[in-house]
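Hydrogens, waters and symmetry mates are skipped; everything else that's a heavy atom, side chains included, is used. Everything numeric in this text was worked out from a predicted model, so none of it was measured. Along the sequence shown, residues carry numbers from 1. Both counts, for ligands and for their atoms, begin at 1 and track the order of listing.
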Amino acid sequence: MTKSALITGITGQDGSYLSELLLGKGYKVYGLIRRLSTPNLARIEHILDQVELIEGDLTDQSSINNALKESQPCEVYNLAAQSFVATSWNQPVLTGDVTGLGAVRILEGVCHVCPDAHFYQASSSEMFGKVNESPQNENSRFYPRSPYGFAKVYAHWACINYRESYGMHASSGILFNHESPRRGIEFVTRKITDAVARISLGFAKELRLGNLDAKRDWGFAGDYVKAMWLMLQQKEPDDYVIATGETHSVGEFAELAFHEAGLDWKKYVSVDQKFIRPAEVNLLLGDASKARRILGWKPEVTFEELVKMMVREDLKRYEEKRKLAK
Ligand code: NAP
Ligand code: F7E
């Protein structure tokens, strides 16, 4: 029998990679999309004829219930969120509504409409925040440092509570930062690789960043969606840290990215106070040994390969733009 999956956040970075993965495994893939004045379908344009999109919004319970009824999913992946940490200070209530309560709305929907469906919650290493031990694993303390971080803690505990209260197959992936050429342009890795390409081709002269010393455990999104799927194939639901086990600073990322284009980053990068956050998460480093042991998951793309992949894709994009402009 064909398996079906409903993905919230299908138009996002992870939603697009997960859709490709599930289609490749023969799933019927449904995606929840919200109404926007201009549809944001660029990341799934190449598979639009293979997925079924259902209109709905994580702030609207009845649209979620309708999407679940229509898709009758075997698996539900809750990837939708207001996912940009910096914006969460400007829009804390919206972030709480979508990223926090949104998870409860979809858990409620699954519990009533399709209680046997396997459920995935997109938890985040931002929940560890101000860390008291390194590396961080599934038992490390949560100390979120932003409205995004505390909304994710709420959603994470909601997932555990629905599992324990109703016996739902609900799992959380505590994913550390994962990037790709499809990463939103506001996140630091993509902001850097996009600027490298623009500077290299003469479209820009400089790049302004915030805290260059913040350290992140960066992996490749294509590797991380495999872990999501693996979690829902297990007999028992559980929570898993997904990470590479390596950490690098923003400065190191910038140095390597500029180097890839033959440029010296120090000539182009400056610090702008505008990008310094009210509270910072200084260091994240994940221990994914549980995922390795139980799921058999490990990252395949290295940090260096990731930086190169992102720089090359952005260079290609701007080279094509330049050709068209001639
Ligand atoms: P992303 O690219 O920002 O995508 C977010 C998705 O959520 C988009 O499809 C967006 O739709 C949708 N969305 C936002 N508000 C919505 C609403 N009110 N109703 C329905 N959909 C809504 O995020 P991502 O990087 O793919 O991350 C996927 C999930 O993993 C998120 O929950 C994120 O918080 C979490 N996470 C990400 C990372 C990471 O490093 N990438 C790490 C840990 C956890 P539009 O296209 O309409 O905006
Ligand atoms: O920042 C520093 C910034 O915005 C990374 C989301 O996917 O991963 C992501 O959250 C670091 C921070 O990602 C700039 O201060 C310096 O320390 O790329 P980011 P994030 O905040 O780590 C987690 C796991 C998620 O769950 C989130 O959804 O880089 N930084 N200068 C900067 N960051 C940005 N965005 N822009 C700068 O100019």
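The residue from R277, R216, E186 that puts a heavy atom closest to atom 19 (P) of ligand 2 is R277. For atom 23 (O) of ligand 1, the candidate residues are G12, S124, S83; the nearest heavy-atom contact is made by S83. For atom 36 (N) of ligand 1, the nearest non-hydrogen atom from the set F176, Y224, W218, Y148 belongs to Y148. Of the options D14, N177, T99, L283, the smallest heavy-atom separation from atom 8 (O) of ligand 2 is shown by N177. Scanning R190, K191, Q82, K215 for the heavy atom closest to atom 38 (O) of ligand 2 points to K191. For the residues R216, M228, R34, the heavy atom positioned nearest atom 16 (C) of ligand 1 is part of R34. Distances from atom 45 (P) of ligand 1 to the heavy atoms of T189, V98, I10, T11 put T11 nearest. Nearest-residue assignment for atom 24 (P) of ligand 1 (options D14, I242, D60, N177; heavy-atom criterion): D14.
The distance from atom CD of E206 to atom OG of S270, rounded to the nearest 0.5 Å, is 5.5 Å.
Checking S140 against E138 by side-chain atom types alone, no donor-acceptor pair falls below 3.5 Å. A donor-acceptor pair shorter than 3.5 Å can be found between the side chains of Q233 and E75. No donor-acceptor contact under 3.5 angstrom links the side chains of Y318 and E320, judged on distance only. Q61 and N65 form a side-chain donor-acceptor contact under 3.5 Å, judged by distance and modelled atom types alone. At a cut-off of 3.5 Å, with distance as the only test, a side-chain donor of T244 or D217 sits close to an acceptor on the other residue.
Contacts of S83 with ligand 2, taken as heavy-atom pairs under 4.0 Å, involve both backbone and side chain. With a 4.0 Å cut-off on non-hydrogen atoms, A221 does not touch ligand 1 at all. Residue contacts with ligand 1 for L36 involve side-chain atoms from C-beta outward but no N, CA, C or O (heavy atoms, distance under 4.0 Å). Counting heavy atoms closer than 4.0 Å to ligand 2, residue F275 contributes side-chain atoms (C-beta onward) but none from N, CA, C or O. Using a 4.0 Å cut-off between heavy atoms, E126 makes no contact with ligand 1 at all.
Panel note: side chain T247, backbone L284; a donor-acceptor pair is recorded below 3.5 Å.
With hydrogens left out, the protein atom closest to atom 42 (C) of ligand 1 is H178 CE1, 3.3 Å, a heavy atom. Of the protein's non-hydrogen atoms, the one nearest atom 21 (N) of ligand 1 is A80 CB, 3.4 Å.
Contact between R183 and ligand 2 is present, with at least one heavy atom of the residue lying under 4.0 Å from the ligand. Heavy-atom separations between S125 and ligand 2 include at least one value shorter than 4.0 Å.
For the pair K191 and F275, the cation-pi criterion (under 6.0 Å, within 45° of the ring axis) is fulfilled.
At a 3.5 angstrom cut-off on N or O pairs, L79 counts as close to ligand 1. For a threshold of 3.5 Å applied to N or O pairs, the pair formed by K152 and ligand 1 contains at least one separation below that value. On a distance-only criterion, S123 and ligand 1 share no N/O pair closer than 3.5 Å. Polar contact check, G15 against ligand 1: no nitrogen or oxygen pair lies under 3.5 Å apart. Considering backbone and side-chain N/O of E179, none are found under 3.5 Å from N/O of ligand 1. In terms of N/O distances under 3.5 Å, ligand 1 is not approached by N78. For L58, a nitrogen or oxygen atom sits less than 3.5 Å from a nitrogen or oxygen atom of ligand 1, counting backbone and side chain alike.
Checked against E126 for a salt bridge (Lys or Arg N to Asp or Glu O under 4.0 Å), the options R216, R145, K152 give a single hit: R216.
Interface of V85 with ligand 2, defined as ligand atoms under 4.0 Å from a residue heavy atom, comprises 10 (O), 21 (O).
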Next on the checklist: Between I106 and Q121, does the side-chain contact (heavy atoms from CB on, under 4.5 Å) criterion hold? Intermediate values first, please.
Outcome noted: CA-CA 10 Å; I106 188 142; Q121 170 57 22; 5.5 Å; no
